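Remember, it's a predicted structure, so these values are computed and weren't measured experimentally.
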Amino acid sequence: MKRTVSLKENHLFRRLYQKGKTSADSRLALYVRRNGGKTNRLGLTVSTKVGCAVTRNRIRRRLREIYRLHEAQMAEGMDVVVVARVRAGRSSYRQLEESFLRLAGKLGLIQQGG
RNA sequence: CGAGUGGGCUGGACAGCCGCGUGGGCAGGCCGAAAGGCCGUCCAUGAGGAAAGUCCGGGCUCCACAGGGCAAGGAUAACGGGUAACACCCGCCGAAGGCGACUUCAGGAAAAGUGCAACAGAGAUAUACCGCCGGCCAUUGCCUGUCAAUGGAGUUGACCGUCCGGCGGGCGCAGUCGGCGCUUUGCGCCGGCUACACCCGCCUUUCUUUGGGUAGACUCAUUCCAAUUGGGCAGACUCUUUGAAAACGGUCGGAACCAUUGACGGGCAAUGGGCGGUAAGGGUGGAAAGGCGGAGAUAAGCGCCCGCCCGAUGACUGGGAACUGCUCAUCGCUGUAAACUCUAUCCGGAGCAACACCGUGGUAACGCACCAGGCCGGCCCGGCCGCGUUUAGGAGGUGGCUGGAACGUGUCGGCAACGGCACGUCAAGAUAGAUGGCUGUCUUAAAGGACAGAACCCGGCUUACAGGCCCGCUCGCACC
RNA sequence: GCGGAAGUACCCAAGAGGCCGAAGGGGCUCCCCUGCUAAGGGAGUAGGCCGGGAAACCGGCGCGAGGGUUCAAAUCCCUCCUUCCGCG
């Protein structure tokens, strides 16, 4: 993740939830907003309602891997927050990837080459 | 072979590509005056048996405290050992459960004191309702003594009725008749008859007991009404079965005597009232003041006494102790402390978000100054900012941070928990939190599917867990 | 990381060892009131699960779950589960 840093502060999350563009399905929720810089910032949220610590870690790693593998296609200078919902705990990697790509395309985060 | 019981181990392995955290190397690249930072590359390494729950015990750090004690609050609880310590572990004792292997137990004190024990029951830690017993009083009945009156009555007593249920049998005794003998008013022996008592068997009646059957009534119901049918409640009747029971009364005669009436007494029984004794019996309860049997004594009763058993305490034996056992002595006490309490032992408080260091912006105080300086800008012009020190503060950062009551192997001591010694090894240290994605091979019944993520560290406990492997032991069946 | 509270019928809930099939209210059913409804007033049953039965009815288990103490547990004790709150 060469052009991406992680999003950590709570006030940035709040601003994104209030002012960012939203798209969601039953597995994931995606928030996107332009941040004015050149690098992307990624935040991941998995609440304790999803499952135990092992399950939450697995979802977080899969989401980070999905983001890493599609980083080259993404627009620059964006703040991105991915929220995992309850059904994500029982979803496979392929299902998560499909949901992420569909939501990101809907929000214009990914320039669809093909 | 089947069923069971206790314990231990394991919790997939290997390879390729892309990617991540930490540590180290590099003559590499970029930034920087330097310290150093970033990138790149190579090497090493990278979650558990429970990392979980946070239920106990410690290390470590800070705070309080001269040291210690008391109080409050809390925890623990047979005994001996292990341990840094423990609510842990091992051994052992006791109790409960199991045919057994074995399992479970907050397992001190109820005789220091206080509290609680609903309902039921006469009574709940002592009671007196019924019952049993002894006095007292009242009433009634019966028996009886003395006296008086009236009546009956004169010397072997006799007789009657109903009935000891009925029938049959047996034994004994008595009476009587006949025969014989003798010591001849009599006695003995043999035989017959009769009556009575007792015993046995069968039948009858009544009461009691055991187990069945069932008419009718009442009641509930199959959509309404009626019938039928079924259920519920109660148990008349009947069958069967256990045990027990089936009496005597009257009349006449009569000296003594008897009957009636009256007076004065005595005794017994019943009923009622009241007083006292008793704790055997009642059948309620989880619990009724040791249990079973017996004798004497008593007004009636009672471990009051005796035999056997049970339990507690003390002495003695064995054991290191809890405890145990042959015996002896004394005693017979409800349960509850996961009710208060008492006894013994232990605990100062908070927690790595502790704590130590560096420290932005903004704020306060003091000093200096309106110059100089700093920032933006290639430069001029221009624009913006007061500066320094100190205190408090503390975004954030660094340390704390992993070599330790450590792990492995061997050996020695110990029943064991565990401990001693020798050799070897260094195995995550993150900070929004590193193990993921894709693919292949092997083991496997199944790996695409157990439970589950370190957060300062350690010892335990508890809880979750797909499966796999190994060992000890018990019971049952079969065979040799 | 540390500390605290709660769990009772469909809902809100009382009860703090025994008379507890478990107070009370909402809800439910019926009646009154009204031209009709709402509101208001009055009365009443059952309260969940399992088993037997055609029904009347009978029996057992249930106060978050599982154990224990006690003659007796919603209540006392232990372990676990769930939910909520506070510090930071």
Side-chain angles (χ1 to χ4, degrees):
Chain A
M1 295 200 272
K2 298 169 182 173
R3 305 172 301 163
T4 304
V5 298
S6 47
L7 190 64
K8 299 177 182 177
E9 282 77 22
N10 194 18
H11 65 274
L12 296 176
F13 274 83
R14 284 223 202 97
R15 188 188 304 159
L16 196 52
Y17 289 151
Q18 289 177 1
K19 301 187 175 178
K21 291 191 289 183
T22 308
S23 180
D25 64 2
S26 64
R27 294 189 183 90
L28 299 176
L30 203 60
Y31 296 84
V32 176
R33 187 171 183 253
R34 190 166 296 278
N35 62 6
K38 289 192 171 181
T39 61
N40 284 8
R41 291 191 290 190
L42 175 65
L44 299 174
T45 296
V46 186
S47 83
T48 54
K49 284 187 289 188
V50 176
C52 59
V54 173
T55 308
R56 281 182 275 131
N57 277 340
R58 189 185 305 127
I59 293 170
R60 198 150 48 218
R61 287 164 188 157
R62 282 174 171 172
L63 290 176
R64 195 179 294 121
E65 181 73 12
I66 289 165
Y67 183 89
R68 184 182 69 84
L69 291 176
H70 295 88
E71 192 179 13
Q73 312 169 18
M74 292 194 186
E76 293 183 350
M78 306 294 275
D79 282 348
V80 179
V81 165
V82 184
V83 177
R85 295 190 162 176
V86 175
R87 284 193 55 192
R90 295 190 301 273
S91 302
S92 68
Y93 174 82
R94 295 297 182 202
Q95 290 172 323
L96 288 176
E97 187 179 31
E98 183 190 352
S99 293
F100 178 79
L101 290 178
R102 191 172 64 242
L103 296 176
K106 222 186 265 186
L107 292 178
L109 184 63
I110 289 181
Q111 284 83 19
Q112 287 290 70

In this structure, CZ of Arg56(A) is separated from OG1 of Thr45(A) (nearest 0.5 Å) by 12.0 Å

How sharply is the helix from C136(B)-G273(B) to G152(B)-C257(B) bent, taking the axes over five pairs at either end and rounding to 10 degrees? 30°

Distance (rounded to the nearest 0.5 Å) between Glu97(A) CD and Leu69(A) CG: 7.0 Å

Pairing partner (Watson-Crick or G-U wobble, both distances under 3.5 angstrom) of U435(B): none

Search all heavy atoms of Leu28(A) against all heavy atoms of Ser99(A) and return the closest pair with its distance. CD1-CB, 4.0 Å

Could you tell me the Watson-Crick or G-U partner of G386(B), where both distances fall under 3.5 Å? Say none if there is no partner. C368(B)

Using Watson-Crick or G-U wobble geometry with both distances below 3.5 Å, tell me the partner of U444(B), or none. none

With syn defined as a glycosidic angle within 90° of 0 and anti as the rest, where does G303(B) land? syn

If the threshold is 4.0 Å, N to carboxylate O, is there a salt bridge linking Glu65(A) and Arg68(A)? yes

Nearest-Å distance once atom P is located in both G23(B) and G37(B): 11 Å

Could you tell me how far U5(B) sits from U411(B) if I compare only their C1' atoms? Round to whole Å. 35 Å

Would you call G8(B) syn or anti, using the 90° rule around 0? anti

Work out how far the C1' atom of G15(C) is from that of C76(C), and round it to whole angstrom. 16 Å

Does G449(B) pair with anything, Watson-Crick or G-U wobble, both distances under 3.5 Å, and if so, with which nucleotide? none

Complementary nucleotide for A236(B) - Watson-Crick or wobble, under 3.5 Å: none

Atom P, compared across G24(B) and A354(B): separation rounded to whole Å: 28 Å

Is the distance from OP1 or OP2 of G433(B) to the nearest side-chain N or O of Arg64(A) less than 4.0 Å? yes

Write down the partner of A13(C) under the Watson-Crick or G-U wobble criteria, each distance required to be under 3.5 Å. none

How far does the P atom of C132(B) sit from the matching atom of G98(B), given to the nearest Å? 48 Å

Determine, stepwise, if the pair Asp79(A) / Tyr31(A) fulfils side chain to side chain contact (heavy atoms under 4.5 Å, CB included). CA-CA 8 Å; Asp79(A) 282 348; Tyr31(A) 296 84; over 6 Å; no

If pairing requires Watson-Crick or G-U wobble contacts with both distances under 3.5 Å, which nucleotide is the partner of C9(B)? G468(B)

Rounding to the closest angstrom, what is the interatomic distance between U391(B) and C55(B) at atom C1'? 47 Å

Could you state the interatomic distance from CG (Leu96(A)) to CD1 (Ile59(A)), rounded to the nearest 0.5 Å? 7.0 Å

Who does C198(B) pair with, Watson-Crick or G-U, both distances under 3.5 Å? G170(B)

Rounded to the nearest Å, what distance is computed from the CD atom of residue Glu97(A) to the C1' atom of nucleotide G19(B)? 15 Å

Anti versus syn assignment for G49(B), with syn defined as within 90° of 0: syn

Quick check: on RNA chain B, is the nucleotide nearest Asn57(A) upstream (toward 5') of the one nearest Arg60(A), or the reverse? Name the residue that is more 5'. Arg60(A)

In whole Å, what is the span from the CD1 atom of Ile59(A) to the C1' atom of A452(B)? 15 Å

Same cluster for Val54(A) and Val46(A) if Ile/Leu/Val/Met/Phe/Trp/Tyr side chains link at under 4.5 Å? no

Does Gln95(A) have any side-chain contact (heavy atoms from CB on, under 4.5 Å) partners at least two apart in sequence or in another chain, and if so, which? Arg27(A), Ser91(A), Ser92(A)

As an exercise, state the distance from NZ of Lys106(A) to CG of Asp25(A), rounded to the nearest 0.5 Å. 7.5 Å

When rounded to the nearest Å, what value does the distance between P atoms of C308(B) and U327(B) take? 11 Å

Arg33(A) and Met78(A): side chain to side chain contact (heavy atoms under 4.5 Å, CB included), yes or no, with the steps? CA-CA 6 Å; Arg33(A) 187 171 183 253; Met78(A) 306 294 275; over 6 Å; no

Got a second to check how far Arg102(A)'s CZ is from Leu107(A)'s CG, nearest 0.5 Å? 12.0 Å

Check the chi torsion on A66(B) and let me know: syn if it falls within 90° of 0, anti if not. anti

Its glycosidic angle compared against 90° from 0, A78(B) adopts the form anti

Would you list the protein and nucleotides 436-440 of chain B atom pairs, both N or O, that sit under 3.5 Å from each other?
unit_1: G436(B); atom_1: OP1; unit_2: Arg61(A); atom_2: NH1; d: 3.4
unit_1: G436(B); atom_1: N2; unit_2: Glu65(A); atom_2: OE1; d: 3.4
unit_1: G436(B); atom_1: N2; unit_2: Glu65(A); atom_2: OE2; d: 2.9
unit_1: G436(B); atom_1: N2; unit_2: Arg68(A); atom_2: NH2; d: 3.4
unit_1: G437(B); atom_1: OP1; unit_2: Arg62(A); atom_2: NE; d: 2.9
unit_1: G437(B); atom_1: OP1; unit_2: Arg62(A); atom_2: NH2; d: 3.1

Work out how far the P atom of G362(B) is from that of G348(B), and round it to whole angstrom. 49 Å

